[in-house]
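Worksheet for the structure shown next.
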Amino acid sequence: MLVYPSGIDLSTCTLQHLSGLLAGHRRRIGSRWRRLTYGRQALLVLAHLRCGDTYARLAAGFRVGIATAYRYIREAVDLLAALAPTLEQAMMSVWKKAYVILDGTVLPIDRIAADQPYYSGKKKHHGMNVQVLADPAGRLIWVSDALPGAVHDLTAARTHGIPAAFAADDIKCWADKAYQGAGHAVRVPFRGKNLRGRCRRHNRDHAKIRSLGERAMATLKCWRLLRKFRCSTNRITDVVKAVLVLHHASV
């Protein structure tokens, strides 16, 4: 396989943060020698998450075996996912905000037509449903565990306890029409076409506020691995949470 130099559009702060985590982990487990230093391992992991490079390509570029590349990536992802904030921790930070924006997305996966629980009728492809919280400026705050793509956004939000957490802490939230019935804390637009008067003005103003949440979605999907998962669905939650931790470390 041919190998060529490439680049990753991330800051050195992200690399240093991950390198520090891996160095501390190696000291704790007493790892004496590895094929790659913790700095090179961090670079390999970032290339996989940010650029979506496969294990085979990474193994060739870093001159390690495919199984070694897989183990290095899984080790780092597990370390990062363990640091991801819980919903309760996220509520402590958003409590200081004027409001938050809630939205859901279906991350594509490579499944066949027989895998009905993962098929999203709305998106017309197989995927995993992830709920995202953003601040009023559209900055990414929190992401939920991944559920099968067939799960509706409202059902996913209730499964994670998001509307109940908003109501308990009296936090205002803006969301789209998919969250109708989520409770008084979640503000949604009016349903229907050809709305007039107050309803139409409300929907227009609501859309201006909620549209900033798309920035958080774009931030999440800048990590190219999330654009098309080819791993086990059991690993997607950890990967998404690892991306969230790396994003917070870079800002």
Side-chain angles (χ1 to χ4, degrees), residues 1-84 105-115 117-118 125-128 130 143 145-149 219-250:
M1 183 179 292
L2 298 176
V3 179
Y4 67 94
S6 184
I8 307 174
D9 55 338
L10 291 171
S11 67
T12 55
C13 294
T14 310
L15 179 63
Q16 292 169 358
H17 177 76
L18 182 52
S19 297
L21 287 177
L22 292 172
H25 175 69
R26 291 188 183 188
R27 287 194 296 269
R28 285 193 300 272
I29 64 176
S31 180
R32 295 184 178 181
W33 180 87
R34 296 223 183 164
R35 182 71 176 178
L36 297 181
T37 64
Y38 54 81
R40 293 286 289 172
Q41 181 183 355
L43 188 62
L44 181 148
V45 173
L46 293 179
H48 177 65
L49 297 176
R50 187 70 173 187
C51 304
D53 289 338
T54 62
Y55 298 131
R57 293 178 61 182
L58 292 170
F62 285 84
R63 299 182 183 279
V64 296
I66 295 177
T68 302
Y70 171 81
R71 288 196 304 270
Y72 280 169
I73 292 170
R74 177 155 188 159
E75 179 183 52
V77 167
D78 289 343
L79 286 173
L80 290 167
L83 299 177
T105 185
V106 178
L107 302 175
I109 60 174
D110 59 343
R111 288 297 183 272
I112 60 176
D115 296 317
Y118 300 101
H125 61 71
H126 292 78
M128 298 293 284
V130 174
V143 294
D145 293 349
L147 296 175
T219 299
L220 197 62
K221 293 179 181 178
C222 281
W223 298 79
R224 295 175 184 85
L225 183 66
L226 274 60
R227 299 179 187 177
K228 184 70 172 182
F229 279 104
R230 294 178 175 83
C231 62
S232 168
T233 55
N234 296 327
R235 295 291 302 163
I236 293 178
T237 292
D238 287 341
V239 172
V240 174
K241 289 185 178 296
V243 166
L244 175 67
V245 173
L246 288 173
H247 169 69
H248 285 167
S250 65

Sub-4.5 Å side-chain heavy-atom contact between [X] and [Y]:
| X | Y | answer |
| --- | --- | --- |
| Thr68 | Gln41 | no |
| Met128 | Ile109 | yes |
| Ser11 | Ser250 | yes |
| Lys228 | Asp110 | yes |
| Leu107 | Val240 | yes |
| Val239 | Phe229 | yes |
| Leu21 | Leu83 | yes |
| Leu246 | Leu46 | yes |

Rounded to the nearest 0.5 Å, what separation is found between the [atom1] atom of [X] and the [atom2] atom of [Y]?
| X | Y | atom1 | atom2 | result |
| --- | --- | --- | --- | --- |
| Leu225 | Cys51 | CG | SG | 10.5 Å |
| Ile66 | Arg71 | CD1 | CZ | 12.0 Å |
| Asp53 | Phe62 | CG | CZ | 8.5 Å |

Full working for side-chain contact (heavy atoms from CB on, under 4.5 Å) between Leu244 and Trp223: CA-CA 10 Å; Leu244 175 67; Trp223 298 79; over 6 Å; no
Stepwise side-chain contact (heavy atoms from CB on, under 4.5 Å) test for Leu58 and Val64: CA-CA 8 Å; Leu58 292 170; Val64 296; over 6 Å; no
Qualifying residues under side chain to side chain donor-acceptor pair (under 3.5 Å), relative to Asp9, sequence neighbours excluded: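 For Asp9 the side chain to side chain donor-acceptor pair (under 3.5 Å) partners, ignoring immediate neighbours, are Arg50.
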Contact list for residues 4-51, test ring-ring contact (aromatic ring centres under 6.0 Å, His included), sequence neighbours left out: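 Every ring-ring contact (aromatic ring centres under 6.0 Å, His included) pair that includes a residue of residues 4-51, provided the two are not neighbours, is His48-Tyr55.
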Enclosure of Arg63 CZ (heavy-atom neighbours >12, cutoff 6.0 Å):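 Counting neighbours around CZ of Arg63, 12 or fewer heavy atoms of other residues, nucleotides or ligands fall under 6.0 Å, so no.
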Leu18 and its side-chain contact (heavy atoms from CB on, under 4.5 Å) partner, picked from Leu49, Leu80, Leu43: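 Testing each of Leu49, Leu80, Leu43 against Leu18, the sole residue satisfying side-chain contact (heavy atoms from CB on, under 4.5 Å) is Leu80.
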Sidechain-backbone polar pair: Thr237 side chain, Ala146 backbone, donor-acceptor under 3.5 Å: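 Looks like yes, one N/O pair under 3.5 Å.
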For the student: nearest non-hydrogen atoms of [X] and [Y], plus distance:
| X | Y | answer |
| --- | --- | --- |
| Ala60 | Met1 | CB-SD, 3.5 Å |
| Leu44 | Tyr72 | CD2-CB, 4.4 Å |
| Ala42 | Ser19 | CB-OG, 3.5 Å |

Electrostatic pair Lys241-Asp78, nearest N-O below 4.0 angstrom: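 Salt bridge flag = no for Asp78 with Lys241.
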Presence of salt bridge, Asp238 and Arg74, under 4.0 angstrom: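 So Arg74 does not pair with Asp238 through a salt bridge.
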Pairs satisfying salt bridge (charged side-chain N to carboxylate O under 4.0 Å, His left out), at least one member in residues 17-45, at least two apart: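 Of all non-adjacent pairs touching residues 17-45, those that pass salt bridge (charged side-chain N to carboxylate O under 4.0 Å, His left out) are Arg34-Glu75.
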